[in-house]
Asker: 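Handing you this structure, nothing more for now.
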Amino acid sequence: MRNDREGGSGKAGAGLQREVERREREPAAVLYRVGDLTIDAARRIAERGARSVCFSPKEFEALHVLANANGGVVSPLELIELVWGPRPAGAAQHLRVFIGRIRAKIEDDPERPKVLLTEKGSGYRMAPNEAARPR
């Protein structure tokens, strides 16, 4: 019998389990670039232009999860579970504040984001990875 930390139950657990399996199958994006933001997952650093951006471990993990979605939408529940594990009620409001703090660090105008986007009713996604595009 599995507990919530081993894959969960119901729709949320099944979605989380699919994401974990996908992350195990696919190699993690090592370099993610959008505009002047560069996320280096292997070294766990981020830069805007030549300036280093400091993130808490949870902020960096959220960026990494979103970057690895390759422009796909990550639901709030999936993001919460992948970054923090099972969370109590009220976690969605905490996530909105958390996303706002990340945007303040990576966006030119956090009120009009171009990198970390909200898909109303669906979740969050990162703009497409420019480092992965053929030149």
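Quick caveat, the model's predicted, so the values are computed rather than measured.
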Asker: I'd like to know whether Tyr124 forms a side-chain contact (heavy atoms from CB on, under 4.5 Å) with Ile99, so could you lay out the CA-CA distance, the side-chain angles of the two residues, the decisive distance to 0.1 Å, and finally the verdict.
Answerer: CA-CA 9 Å; Tyr124 301 96; Ile99 293 292; 3.9 Å; yes
Asker: Would you call Glu119 and Arg125 a salt bridge, using N to O less than 4.0 angstrom?
Answerer: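 Yes, Glu119 and Arg125 are salt-bridged.
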Asker: Quick check: closest heavy atoms across Ser122 and Pro76, and the distance to 0.1 Å?
Answerer: O-CD, 3.5 Å
Asker: Test your reading of the model: is there a side-chain donor-acceptor pair from Asp108 to the backbone of Pro113, 3.5 Å cut-off?
Answerer: no
Asker: State which residue, out of Ile39, Thr38, Asn129, fulfils the side-chain contact (heavy atoms from CB on, under 4.5 Å) condition with Leu31.
Answerer: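 The residue from Ile39, Thr38, Asn129 that satisfies side-chain contact (heavy atoms from CB on, under 4.5 Å) with Leu31 turns out to be Thr38.
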Asker: Determine, step by step, whether Phe55 and Arg44 satisfy the side-chain contact (heavy atoms from CB on, under 4.5 Å) criterion, reporting the C-alpha distance in whole Å, the side-chain angles of both residues, the deciding distance to 0.1 Å, and the verdict.
Answerer: CA-CA 10 Å; Phe55 293 103; Arg44 295 195 60 85; over 6 Å; no
Asker: Got a second to check how far Ile80's CD1 is from Phe98's CZ, nearest 0.5 Å?
Answerer: 10.5 Å
Asker: Quick check for you: to the nearest 0.5 Å, what is the distance between Arg112 atom CZ and Leu117 atom CG?
Answerer: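 One gets 14.5 Å once the value is rounded to the nearest 0.5 Å.
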Asker: Do Val53 and Leu63 land in one hydrophobic cluster if side-chain heavy atoms of ILVMFWY residues count as linked below 4.5 Å?
Answerer: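 Yes, because Val53 and Leu63 connect within a single hydrophobic cluster, where side-chain heavy atoms sit under 4.5 Å apart.
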Asker: Could you give the distance from OH (Tyr32) to CG (Asn68), rounded to the nearest 0.5 Å?
Answerer: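 With rounding to 0.5 Å, OH (Tyr32) is 9.0 Å from CG (Asn68).
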Asker: Go through it in stages, so that I can follow the logic: the residues are His94 and Trp84, the test is side-chain contact (heavy atoms from CB on, under 4.5 Å), and I'd like the CA-CA distance, side-chain angles, deciding distance and then a yes or no.
Answerer: CA-CA 11 Å; His94 175 74; Trp84 290 278; 3.9 Å; yes
Asker: Can you give me the closest heavy-atom contact between Val74 and Ala69, atom names plus distance?
Answerer: CG2-CB, 3.7 Å
Asker: Is a side-chain donor or acceptor of Glu47 paired with a backbone partner of Leu37 at a separation under 3.5 angstrom?
Answerer: no
Asker: Would you give me the side-chain donor-acceptor pairs under 3.5 Å for residues 100-107, sequence neighbours excluded?
Answerer:
residue, atom, partner, partner atom, Å
Arg103, NE, Leu116, O, 2.8
Arg103, NH2, Leu116, O, 2.9
Arg103, NH2, Thr118, OG1, 2.7
Lys105, NZ, Cys54, O, 3.0
Lys105, NZ, Glu59, OE1, 2.7
Glu107, OE1, Lys114, N, 2.8
Glu107, OE1, Val115, N, 3.3
Glu107, OE2, Lys114, N, 3.4
Glu107, OE2, Val115, N, 2.9
Glu107, OE2, Leu116, N, 2.8

